[in-house]
Participant: 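First the structure, which I've put down as structure tokens, then a few questions once you've had a look.
For clarity, every value in this text was computed on a predicted model and none was experimentally measured.
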Amino acid sequence: MYLIAGGGMYYRQASLSQNVVVGDSVSCTPAWLWWGVTCESGTVTSHQTLASSSSMAPGGNVGLASLSGSLISQYNFYVESRFHYATNRGVATRIIPFTVGVGSER
């Protein structure tokens with residue numbers, strides 16, 4: 001068993017989108033662009049992003065891992081869990097991923 005820790009920059013991205021019914025013949029005009037509608041090849045696209053935001057923030061992680069032999073001596077079993085934390089603009093991101101694996105000694 002061992003303890004692992006680290007730090008770095010965390011990138012956060014979020015978007016709000018919606019599919020809209022436009023058919024094949026809705027031409028892209030300056031009026032559509034003024035309202036923030038996206039166009040592709042001269043026609044209004046059906047998938048519209050209403051809002052999006054991204055940011056970077058410093059953060060860190062700490063975890064515990066274990067590597068052990070199994071009943072079959074040539075394979076090892078590995079498990080790791082880390083707690084990640086980063087905050088930006090007053091919103092904290094907390095996540096605990098688990099990693100499990102099997103490896104060979106060869």
Participant: Report the distance from atom CD1 of Ile4 to atom OG of Ser81, rounding to the nearest 0.5 Å.
Facilitator: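 Here the rounded value is 11.5 Å.
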
Participant: Considering all heavy atoms of both residues, which atom of Phe77 and which atom of Val102 are nearest to each other, and what is their separation?
Facilitator: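 Minimum heavy-atom separation between Phe77 and Val102: CD1-CG2, 4.4 Å.
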
Participant: Please round to the nearest 0.5 Å and tell me the distance separating atom CD of Gln13 and atom OG of Ser52.
Facilitator: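 That separation rounds to 7.5 Å.
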
Participant: Name all pairs fulfilling the salt bridge (Lys or Arg N to Asp or Glu O under 4.0 Å) condition that reach into residues 42-61, sequence neighbours left out, sorted by first residue then second.
Facilitator: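 Salt bridge (Lys or Arg N to Asp or Glu O under 4.0 Å) check on residues 42-61 returns no pairs.
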
Participant: Going by heavy atoms in the side chains, are Ser66 and Val79 under 4.5 Å from each other?
Facilitator: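 A side-chain contact under 4.5 Å exists here.
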
Participant: List the residues meeting side-chain hydrogen bond (donor to acceptor under 3.5 Å, both in side chains) with Ser15, not counting sequence neighbours, and say none if there are none.
Facilitator: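 In terms of side-chain hydrogen bond (donor to acceptor under 3.5 Å, both in side chains), with neighbours along the sequence ignored, Ser15 is linked to no residue.
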
Participant: Starting at CG of Leu3, measure out to CG of Leu64 and round the result to the nearest 0.5 Å.
Facilitator: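 Here the interatomic distance stands at 6.5 Å.
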
Participant: Using the test side-chain hydrogen bond (donor to acceptor under 3.5 Å, both in side chains), find all partners of Tyr85 that sit at least two apart in sequence or belong to another chain.
Facilitator: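 Testing Tyr85 for side-chain hydrogen bond (donor to acceptor under 3.5 Å, both in side chains), a comparison that skips the adjacent residues, returns none.
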
Participant: List the atom pairs, donor and acceptor, that lie under 3.5 Å between side-chain atoms in residues 90-100 and the rest of the protein, sequence neighbours left out.
Facilitator:
residue : atom : partner : partner atom : Å
Thr93   : OG1  : Arg12   : NE           : 3.2
Thr93   : OG1  : Arg12   : NH2          : 2.5

Participant: Who are the side-chain hydrogen bond (donor to acceptor under 3.5 Å, both in side chains) partners of Ser55, not counting sequence neighbours?
Facilitator: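 By the side-chain hydrogen bond (donor to acceptor under 3.5 Å, both in side chains) rule, Ser55 matches Asn88.
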
Participant: Hydrophobic side-chain clustering at under 4.5 Å (ILVMFWY, transitive links): who's grouped with Met56? Put none if nobody.
Facilitator: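 Under the 4.5 Å side-chain rule, Met56 groups with Met9, Tyr11.
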
